[in-house]
Peer 1: 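I'd like to ask some things about the structure below.
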2 protein chains.
Amino acid sequence: MTSKKPEKPRHHGNLREALIDAGIDLLQHGGLSALTLRKCAAKAGVSHAAPAHHFSGLDGLIGAIATRGFTQFSDYMLTSRAKAADSDADRLRAILNGYIEFTVDHPALFTLMFGSRIEIDPDQQLAQAAATAYQVLAETCAPFSIDPDGNPRELEILVWSLCHGYASLRLVGQVTPDGPMNDVGFSDILRRLPDIVGLSGDNPK
Amino acid sequence: MTSKKPEKPRHHGNLREALIDAGIDLLQHGGLSALTLRKCAAKAGVSHAAPAHHFSGLDGLIGAIATRGFTQFSDYMLTSRAKAADSDADRLRAILNGYIEFTVDHPALFTLMFGSRIEIDPDQQLAQAAATAYQVLAETCAPFSIDPDGNPRELEILVWSLCHGYASLRLVGQVTPDGPMNDVGFSDILRRLPDIVGLSGDNPK
DNA sequence: ACCTCAACTTGACAGTGTAAAGATAGAAGT
DNA sequence: ACTTCTATCTTTACACTGTCAAGTTGAGGT
């Protein structure tokens with residue numbers, strides 16, 4: 001009733017974010033193979049060549065989507081940790097559960113984030129987002145110490161490998177009803193956490 | 001000088017295997033993105049449509065390549081285990097080192113084997129090869145037991161998650177010179193293995 | 001009002017996967 | 001030895017995709 005917007009303007013106004021949103025939506029509904037530059041452009045309402053002004057090709061868009069992914073990923077872990085009971089061990093369990101929940105809720109995005117087309121080094125925003133996610137893990141592992149004189153990063157990588165490995169195998173394994181993952185839940189893995197992070201015996205926390 | 005073979009015969013004779021060989025070669029030299037059906041066909045010396053008789057499209061070829069990959073993967077672990085010192089713990093360490101060595105030697109093949117285009121369930125040969133590789137892990141974990149009354153699969157998945165996670169993160173992380181993986185070697189992870197598989201304290205093997 | 005440049009659109013090309021139709025060679029049957 | 005059938009290709013075509021170049025348009029600055 002009021003003045004109508006004329007035909008679609010040449011200037012989208014926020015195309016970069018719209019393309020990223022479109023990409024995440026395509027991943028969520030169609031999986032990794034559904035993500036194409038032309039489909040993102042179509043979803044955002046522009047021509048197939050419009051993204052080229054905002055991204056260095058499909059790999060540039062993938063990097064931007066991964067950056068958004070790492071931000072949401074960190075949020076999952078932080079939100080989970082905020083709800084944890086007040087012990088170091090519970091906080092660690094909480095962020096690992098957050099890790100797994102993210103992969104359950106966003107399997108294709110997670111796969112893209114750690115996929116073969118990702119190059120973290122030249123993309124500062126991606127590197128920053130990935131480092132922030134890692135920092136959540138690092139600071140939650142900090143209270144624990146396998147070896148007080150050792151490299152704290154060892155414990156971090158140990159825990160990260162365990163969790164990431166489980167998540168990755170689960171994503172792959174879910175297509176095999178009789179696969180080895182079928183009856184081992186992540187809580188079974190978490191039950192082992194005290195031994196792994198040096199919380200058994202005389203070092204409870 | 002003796003009788004020459006005439007022009008290239010219409011029947012390749014062993015095209016299926018030749019296409020798989022070509023695919024593995026392309027992966028090895030050019031990475032995951034270098035693998036295409038047409039390049040495999042060209043390498044095998046046939047037209048682009050010839051593979052269609054042997055595989056259900058590119059995904060069919062990927063499945064066959066993954067099957068070959070799992071066979072080589074098992075060989076890596078078995079060869080490593082055969083050379084291990086004569087203790088259960090050494091044998092387990094050996095197959096995990098074999099696991100990692102395979103990913104170092106064949107990063108793109110490993111990525112394809114556990115990638116998003118793999119569907120184990122409908123492909124019996126792939127399922128068999130993957131199960132065989134898993135069986136190597138399972139039988140090498142068998143001597144250990146976190147909980148004698150518990151599910152032995154828990155320990156298997158724990159060890160597999162840890163190793164696979166480390167390998168996967170290393171493959172991704174290797175593009176980041178300052179990444180968190182930079183100074184944690186797999187031997188650092190293996191040092192923790194006794195705690196993880198219940199070999200610390202009064203249960204040495 | 002004019003100029004500059006960012007932000008697009010249009011068109012084209014190369015590479016890719018897949019499908020259909022046709023050709024050929026080898027195997028099997030007579 | 002000949003015929004028939006089928007497996008194993010080749011050729012052609014189409015749709016989709018990424019990328020590039022040229023052109024157009026709108027916003028911002030002077």
Side-chain angles (χ1 to χ4, degrees), chain A residues 3-23 25-27 29-66 108 112 115-119 122, chain B residues 3-23 25-27 29-66 108 112 115-119 122:
Chain A
S3 64
K4 282 195 318 191
K5 213 169 179 182
E7 299 241 326
K8 183 172 67 185
R10 203 62 179 270
H11 265 229
H12 183 281
N14 198 27
L15 183 55
R16 189 177 197 279
E17 295 304 307
L19 289 165
I20 295 169
D21 289 341
D25 198 60
L26 286 165
L27 284 170
H29 291 99
L32 206 55
S33 61
L35 179 70
T36 75
L37 211 44
R38 288 189 186 226
K39 283 179 188 155
C40 289
K43 252 184 171 300
V46 293
S47 72
H48 61 274
H53 183 75
H54 300 277
F55 304 104
S56 297
L58 178 58
D59 282 343
L61 176 58
I62 285 176
I65 291 172
L112 177 143
S116 61
R117 296 192 75 150
I118 291 291
E119 276 197 68
Chain B
S3 63
K4 282 195 317 192
K5 213 169 180 183
E7 300 242 326
K8 183 173 67 184
R10 204 61 180 271
H11 265 230
H12 183 283
N14 199 27
L15 182 55
R16 188 177 197 280
E17 294 305 308
L19 289 165
I20 295 169
D21 288 342
D25 198 59
L26 286 165
L27 284 171
H29 290 99
L32 205 55
S33 61
L35 179 70
T36 75
L37 211 46
R38 289 189 186 225
K39 282 181 191 154
C40 289
K43 251 184 173 297
V46 293
S47 71
H48 61 275
H53 182 75
H54 301 275
F55 303 103
S56 296
L58 179 58
D59 283 344
L61 176 58
I62 285 175
I65 292 172
L112 175 142
S116 61
R117 297 192 73 150
I118 291 293
E119 275 194 70

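The shown structure was predicted, so the numbers you read here are calculated from the model rather than taken from an experiment. A, B, ... follow the sequence lines: proteins, then strands. Residue 1 opens every chain. Only this structure's heavy atoms are used, side chains among them; waters, hydrogens and symmetry mates stay out.
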Peer 1: Do you know which two heavy atoms are closest between A:Ile118 and A:Ala66, and how far apart they sit?
Peer 2: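 Where A:Ile118 meets A:Ala66 most closely, the heavy atoms are CD1-CB, 3.5 Å.
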Peer 1: Expressed in angstrom and rounded to an integer, what is the separation of B:Asn14 atom CG from D:dA7 atom C1'?
Peer 2: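 Whole-Å distance recorded here is 15 Å.
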Peer 1: Grab the two heavy atoms, one from A:Ala34 and one from A:Leu26, that are nearest each other, plus how far apart they are.
Peer 2: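 Closest approach of A:Ala34 to A:Leu26: CB-O, 3.8 Å.
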Peer 1: Measure from CZ on A:Arg16 to C1' on C:dA6 and round the result to the nearest Å.
Peer 2: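 It is 16 Å, rounded to the nearest whole Å.
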Peer 1: Rounded to whole Å, how long is the line connecting atom CG of B:Leu32 with atom C1' of C:dT16?
Peer 2: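 One finds 15 Å between C1' of C:dT16 and CG of B:Leu32, rounded.
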Peer 1: To check you understand the geometry: which heavy-atom pair defines the closest contact between A:Gly30 and A:Ser33, and what is its length?
Peer 2: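 Looks like O-OG, 4.3 Å.
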Peer 1: Can you tell me how far C1' of D:dT17 sits from CG of A:Leu61, to the nearest Å?
Peer 2: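 Going from A:Leu61 (CG) to D:dT17 (C1'), I get 14 Å.
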Peer 1: Please pick, from D:dC9, D:dT8, C:dC8, the nucleotide with the shortest atom-to-atom distance to any side-chain atom of B:His54.
Peer 2: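 Looking only at heavy atoms from C-beta outward on B:His54, the closest nucleotide is D:dC9.
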Peer 1: Kindly give the heavy-atom pair with the smallest separation between B:Cys40 and B:Ala22, and that separation in Å.
Peer 2: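 Closest approach of B:Cys40 to B:Ala22, heavy atoms only: O-CB, 3.7 Å.
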Peer 1: Would you mind reading off the distance between A:Leu19 atom CG and C:dC8 atom P, rounded to a whole angstrom?
Peer 2: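 My rounded result for the distance is 9 Å.
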Peer 1: Distances under 3.5 Å between protein N/O atoms and the N/O atoms of nucleotides 17-21 of chain C, please, pair by pair.
Peer 2:
from, atom 1, to, atom 2, distance (Å)
C:dG17, OP1, B:Leu37, N, 3.1
C:dG17, OP2, B:Leu37, N, 2.9
C:dG17, OP2, B:Arg38, N, 3.2
C:dG17, N7, B:Arg38, NE, 3.1
C:dG17, N7, B:Arg38, NH2, 2.9
C:dG17, O6, B:Arg38, NH2, 2.4
C:dT18, OP2, B:Leu58, N, 2.9
C:dT18, O4, B:Arg38, NH2, 3.4
C:dT18, O4, B:His48, NE2, 3.4

Peer 1: How long is the line joining CG of A:Leu15 and P of D:dG26, in whole Å?
Peer 2: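 From A:Leu15 CG to D:dG26 P: 16 Å.
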Peer 1: Restricting to non-hydrogen atoms, name the atom on A:Ala50 and the atom on A:Leu15 that form the minimum distance, rounded to 0.1 Å.
Peer 2: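 In terms of heavy atoms, the two residues are closest at CB-CD2, 3.9 Å.
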Peer 1: Which atoms form the tightest heavy-atom contact between B:Pro51 and B:Leu37, and what is the distance?
Peer 2: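 That closest heavy-atom pairing would be CB-CD1, 4.1 Å.
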